[in-house]
Engineer: 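The structure's right below; bear with me while I get my questions together.
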Amino acid sequence: MKISNQEIFDRLSQILVETFDIEAGRIRPEARLYEDLDIDSIDAVDLIVKLKPLVGKKLQPEAFKTVRTLQDVINAVQGLMTEPEPAAALLAPEPAQTQA
């Protein structure tokens with residue numbers, strides 16, 4: 001399912017207002033997490049946890065290491081959502097050969 005950048009931004013805004021008590025007027029795509037919104041590394045982990053249901057799969061903190069602005073978060077979430085899931089066949093062991 002494709003989610004627009006605006007939908008991600010709207011959800012992100014909701015999380016920031018409800019979880020971190022950030023005024024809605026401060027939430028802009030170009031807002032810097034630490035400098036403008038006072039989101040520290042612990043808060044960033046909480047934010048990633050809150051975004052997980054939106055993406056629908058486990059989020060790796062490494063995907064967010066270079067994130068500095070809300071737009072960076074949106075881009076990271078979009079990237080994770082468009083990543084192909086590993087094929088179940090690649091993860092499953094090969095079936096045992098039966099002899100006739």
Side-chain angles (χ1 to χ4, degrees):
M1 175 174 71
K2 176 82 169 149
I3 297 177
S4 72
N5 283 356
Q6 185 61 50
E7 290 172 303
I8 296 170
F9 178 77
D10 292 344
R11 179 66 184 124
L12 194 52
S13 297
Q14 180 184 11
I15 293 168
L16 291 170
V17 168
E18 292 175 2
T19 306
F20 303 105
D21 295 323
I22 295 173
E23 297 169 20
R26 293 174 53 201
I27 302 171
R28 311 173 313 283
E30 65 276 6
R32 294 169 298 172
L33 296 175
Y34 181 72
E35 294 87 348
D36 299 331
L37 302 177
D38 299 320
I39 299 291
D40 62 22
S41 58
I42 300 297
D43 293 336
V45 171
D46 290 341
L47 182 60
I48 291 170
V49 169
K50 299 269 186 188
L51 288 171
K52 183 181 174 187
L54 183 67
V55 177
K57 58 183 167 182
K58 185 174 181 179
L59 300 179
Q60 299 298 326
E62 298 82 43
F64 292 88
K65 282 190 185 234
T66 61
V67 167
R68 300 289 177 258
T69 67
L70 288 182
Q71 186 62 54
D72 292 341
V73 174
I74 293 167
N75 295 343
V77 169
Q78 272 298 4
L80 290 168
M81 293 177 74
T82 57
E83 271 184 6
E85 289 288 334
L90 295 175
L91 301 176
E94 291 187 24
Q97 296 289 329
T98 57
Q99 294 185 355

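Heavy-atom basis, side chains included; hydrogens, waters and symmetry copies ignored. It should be emphasised that the depicted structure is a prediction, and the values quoted were computed from it without experimental measurement.
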Engineer: Say you draw a straight line from OG of S13 to CD of E18; how long is it, rounded to the nearest 0.5 Å?
Structural biologist: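 Reported value, rounded in 0.5 Å steps: 10.5 Å.
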Engineer: Are the side chain of Q78 and the backbone N or O of I3 linked by a donor-acceptor pair below 3.5 Å?
Structural biologist: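 Checking the backbone N and O of I3 against the side chain of Q78, a donor-acceptor pair under 3.5 Å is found.
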Engineer: Looking only at heavy atoms, what is the nearest atom pair of F9 and I27, with distance?
Structural biologist: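 Heavy atoms of F9 and I27 come nearest at CZ-O, 3.6 Å.
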Engineer: Looking at A76 and V67, what are the two nearest heavy atoms and their distance?
Structural biologist: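 Closest heavy-atom pair between A76 and V67: CB-CG2, 4.2 Å.
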Engineer: Can you name the nearest heavy-atom pair linking K50 to R11, along with the distance?
Structural biologist: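 In terms of heavy atoms, the two residues are closest at O-NH2, 4.2 Å.
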Engineer: Nearest 0.5 Å, what's the CD-CG distance between E7 and L12?
Structural biologist: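 Those atoms lie 13.5 Å apart.
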Engineer: Can you tell me how far the OG atom of S4 sits from the CD1 atom of I74, to the nearest 0.5 Å?
Structural biologist: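 It comes to 9.5 Å.
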Engineer: Would you say L54 and V17 are hydrophobically clustered, going by side-chain heavy atoms of ILVMFWY under 4.5 Å?
Structural biologist: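 They do share one cluster, since a chain of ILVMFWY contacts under 4.5 Å joins L54 to V17.
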Engineer: Which atom pair, heavy atoms only, marks the closest approach of M81 to V55?
Structural biologist: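 For M81 and V55, the tightest heavy-atom pair comes out as CG-CG1, 3.9 Å.
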Engineer: Carefully, step by step, assess D72 and T69 under the rule side chain to side chain contact (heavy atoms under 4.5 Å, CB included).
Structural biologist: CA-CA 5 Å; D72 292 341; T69 67; 3.3 Å; yes
Engineer: Heavy-atom count check: over 12 atoms from other residues, nucleotides or ligands less than 6.0 Å from E23 CD?
Structural biologist: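 12 or below, so no.
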Engineer: Within the structure provided, determine whether V73 and L51 are in side-chain contact (heavy-atom separation under 4.5 Å).
Structural biologist: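 SC-SC contact between V73 and L51 confirmed.
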Engineer: What I want to check is whether the side chains of Q14 and D10 have a donor and an acceptor closer together than 3.5 Å.
Structural biologist: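 No donor-acceptor contact under 3.5 Å links the two side chains.
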Engineer: Check step by step if side chain to side chain contact (heavy atoms under 4.5 Å, CB included) holds for I15 and F20.
Structural biologist: CA-CA 7 Å; I15 293 168; F20 303 105; 4.2 Å; yes
Engineer: List, one per line, each side-chain donor-acceptor pair under 3.5 Å for residues 33-40, sequence neighbours excluded.
Structural biologist:
unit_1	atom_1	unit_2	atom_2	d
D36	OD1	R32	NH2	3.0
D36	OD2	R32	N	2.8
D36	OD2	R32	NE	3.3
D40	OD1	I42	N	3.1
D40	OD1	D43	N	2.8

